[in-house]
Amino acid sequence: MRKPLVALATLASASLVLAACAMPADDPNFQGGGGVGGDSAAIAAANESGVAAIEAASAAPTSIGVDAALAAAPAKGAEIISITDGSDYEAVTETAMAAAAKALGWKLNVVKVDPLDTTATATAFDDALAKKPAGIHIFGEFFDSVSMSLPNAESAKIPVVCTGCSGEAGGGITDASIDGTVQNQAWADVLASYVVKSQWKGEAAGVQIFVAPGGAINDFNIQFDTTLLNQCHECSTMQSMVDPTMTDLADPAAVAAFVAGEMGTSLGAWTMLDTGAYSNGVAEALATDPTMLAPITMIGRGASATDIANLASLGAAPTLDPAATARTPEEAKALQAWIAIPLPVMGWRVIDQFARIIGGDALADGPLPSQFLTAANAADAVLDADGNFIGVADYEAQFLKLWGVK
């Protein structure tokens, strides 16, 4: 069953509590004692597993995460309604959904709402239900706002697919596997392992996490904390909430100024953004801001096209001196890393899932073809014409073949 609202609230609270307790290791109030309790054998085993995870995630993906053909080509004429925040970031997925729907002879109706306006979001979902579409898609940040109406969707037998939702399907959510908890936890494992692997001698890495509200992102942040502390007894994290009521997320300069301001007082040398939705300009701001106490390395989940282009421009990653006790600004910049999530493929996966639901086929719950990108492999990443990561070049043709559409 899907986690109830109480459980989701507990997850968010646990993340904040853990962040509050995981003080930076060079803070005078930091007491240590996290992770595996100083068990060197356990730490070594965790680190070995982490290195293997990095290597596996760095390889170019070869699968779209779906391999079962539909029993029959879907009937034409279905309408899918998708609720979005209207951002450029979510628009990448929406555009792909529209293309996939068109390929099936379906129609995608996109409804833009402000996720901060819970009443408007709930109303938009209720209005969508009233139209009796073949299915409704939501992003994880909308779950709380529409939760009271989800049972109505279930009663009306209108499937709801949520990308970026925490937990399992149920309670009106028909599928939550795409960009869900399992894959977000795996992505967090890779990024945490990379921080541990990339430390300078005796660094006790401190990571400032910039948190966006919403669904499986909470699972990602909690898992990052857990994995980091399991692999590095003295490492630590702190969280800064990117509050859209205080910072205009559509304004790169405002976001960059907020992040730089937080890092100007942070005792950590790592910045992590849990979504590329607000990443533009941040890396440059951190690299050039004279108020930084030390050179800052930025990492993140869900690289935008700009993030990937920036990584590719860095050239070969530096060979770090294992005896070094600090990083140069050039080394810090060159260590940038991102989990690349194929937003266009995700859009096709959503439509594919609706086709399976409507046709009575088994759901597809394979992972999205993501990739861990650094300066070493970003230039070879498979991108679409707009620079968005797709991972698998012929993904559209593969879906059409599975659907029986020519």
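Residue numbers run from 1 in the order of the sequence given.
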**Request:** Would you sort out whether E203 and R327 count as a salt bridge (charged side-chain N to carboxylate O under 4.0 Å, His left out), showing the intermediate values?
**Result:** CA-CA 10 Å; E203 178 183 359; R327 276 187 289 274; 3.1 Å; yes
**Message:** As an exercise, state the distance from CD of Q353 to CD1 of I351, rounded to the nearest 0.5 Å.
**Reply:** 11.0 Å
**Message:** Set out, in order, the CA-CA distance, both residues' side-chain angles and the distance that settles side chain to side chain contact (heavy atoms under 4.5 Å, CB included) for V255 and F210, then state yes or no.
**Reply:** CA-CA 10 Å; V255 176; F210 289 84; over 6 Å; no
**Asked** Taking the side chain from D361 and the backbone from A71, do they hold a donor-acceptor pair closer than 3.5 Å?
**Response** yes
**Request:** Let me know which of D365, D352, L363 forms a side chain to side chain contact (heavy atoms under 4.5 Å, CB included) with V66.
**Result:** D352
**Prompt:** Are a donor atom and an acceptor atom from the side chains of S193 and Q231 found within less than 3.5 Å of each other?
**Reply:** yes
**Complete:** In terms of heavy-atom contacts, D126 and S149 come closest through OD1-OG, 2.6 Å
**Request:** Show the numbers, then the answer: is there a side chain to side chain contact (heavy atoms under 4.5 Å, CB included) between N221 and M272?
**Result:** CA-CA 10 Å; N221 289 324; M272 185 174 77; 4.0 Å; yes
**Fill in**
Nearest heavy-atom contact between L191 and F224 is C-CE1, 3.7 Å
**Between D67 and Q398, a side-chain donor and acceptor under 3.5 Å** = no
**Request:** Indicate yes or no: at least one non-hydrogen side-chain atom of I390 is less than 4.5 angstrom from one of L383.
**Result:** no
**Request:** Starting from the C-alpha separation in whole Å, work towards a yes-or-no answer on side chain to side chain contact (heavy atoms under 4.5 Å, CB included) for N109 and E79.
**Result:** CA-CA 7 Å; N109 184 6; E79 179 186 17; 3.5 Å; yes
**Request:** Kindly indicate whether the side chain of Q239, heavy atoms from C-beta on, has any atom under 4.5 Å from the side chain of D225.
**Result:** yes
**Request:** Before giving the answer on side-chain hydrogen bond (donor to acceptor under 3.5 Å, both in side chains), spell out for Q336 and N310 the whole-Å C-alpha distance, their side-chain angles and the decisive distance to 0.1 Å.
**Result:** CA-CA 9 Å; Q336 293 176 58; N310 287 341; 5.8 Å; no
**Asked** Going by distance alone, is a donor N or O of one side chain under 3.5 Å from an acceptor N or O of the other, for S58 and Q371?
**Response** no
**Fill in**
Which of T247, D243, D248 passes side-chain hydrogen bond (donor to acceptor under 3.5 Å, both in side chains) with T245? It is D243
**Prompt:** Just wondering, do N377 and F372 contact through their side chains at under 4.5 Å, heavy atoms?
**Reply:** no
**Request:** Examine distances only and state if a side-chain atom of S266 and a backbone atom of M263 form a donor-acceptor pair shorter than 3.5 Å.
**Result:** no
**Request:** To the nearest 0.5 angstrom, please state how far the CD1 atom of I158 sits from the CD1 atom of I357.
**Result:** 12.5 Å
**Item:** Interatomic spacing from CG in L335 to CH2 in W200 - rounded to 0.5 Å
**Value:** 10.5 Å
**Request:** Nearest 0.5 Å please: distance from the CE atom of M346 over to the OG atom of S370.
**Result:** 11.5 Å
**Request:** Looking only at non-hydrogen atoms, find the nearest pair between N280 and S304 and report the distance.
**Result:** OD1-OG, 3.3 Å
**Request:** For residues W403 and W348, establish whether the separation of their ring centroids is below 6.0 Å.
**Result:** yes
**Prompt:** Quick check: are there more than 12 heavy atoms from other residues, nucleotides or ligands sitting under 6.0 Å from CG of D88?
**Reply:** no
**Non-hydrogen atoms of W187 and I341 that approach each other most closely** = CZ3-CD1, 3.5 Å
**Message:** I need the minimum non-hydrogen distance between L314 and A375, along with the two atoms involved.
**Reply:** CB-CB, 3.9 Å
**Item:** CA sep, side-chain torsions, deciding dist, call: D179, R301, salt bridge (charged side-chain N to carboxylate O under 4.0 Å, His left out)
**Value:** CA-CA 11 Å; D179 186 21; R301 165 199 170 279; 3.2 Å; yes
**Prompt:** E331 side chain to T328 main-chain N or O, any donor-acceptor pair under 3.5 Å?
**Reply:** yes
**Request:** Could you pull out the closest heavy-atom pair between N184 and F220, with the gap in Å?
**Result:** O-CD1, 3.3 Å
**Request:** Starting at CD1 of I54, measure out to OH of Y194 and round the result to the nearest 0.5 Å.
**Result:** 8.0 Å
**Asked** Can you check side chain to side chain contact (heavy atoms under 4.5 Å, CB included) on D144 and T118, steps first, answer last?
**Response** CA-CA 8 Å; D144 286 352; T118 57; over 6 Å; no
**Request:** Report yes or no: do Q208 and S240 form a side-chain donor-acceptor pair below 3.5 Å?
**Result:** yes
**Asked** To the nearest 0.5 Å, what is the distance between CG (L373) and CZ (F389)?
**Response** 6.0 Å
**Asked** Have Q185 and D219 got a donor and an acceptor in their side chains that come within less than 3.5 Å?
**Response** no
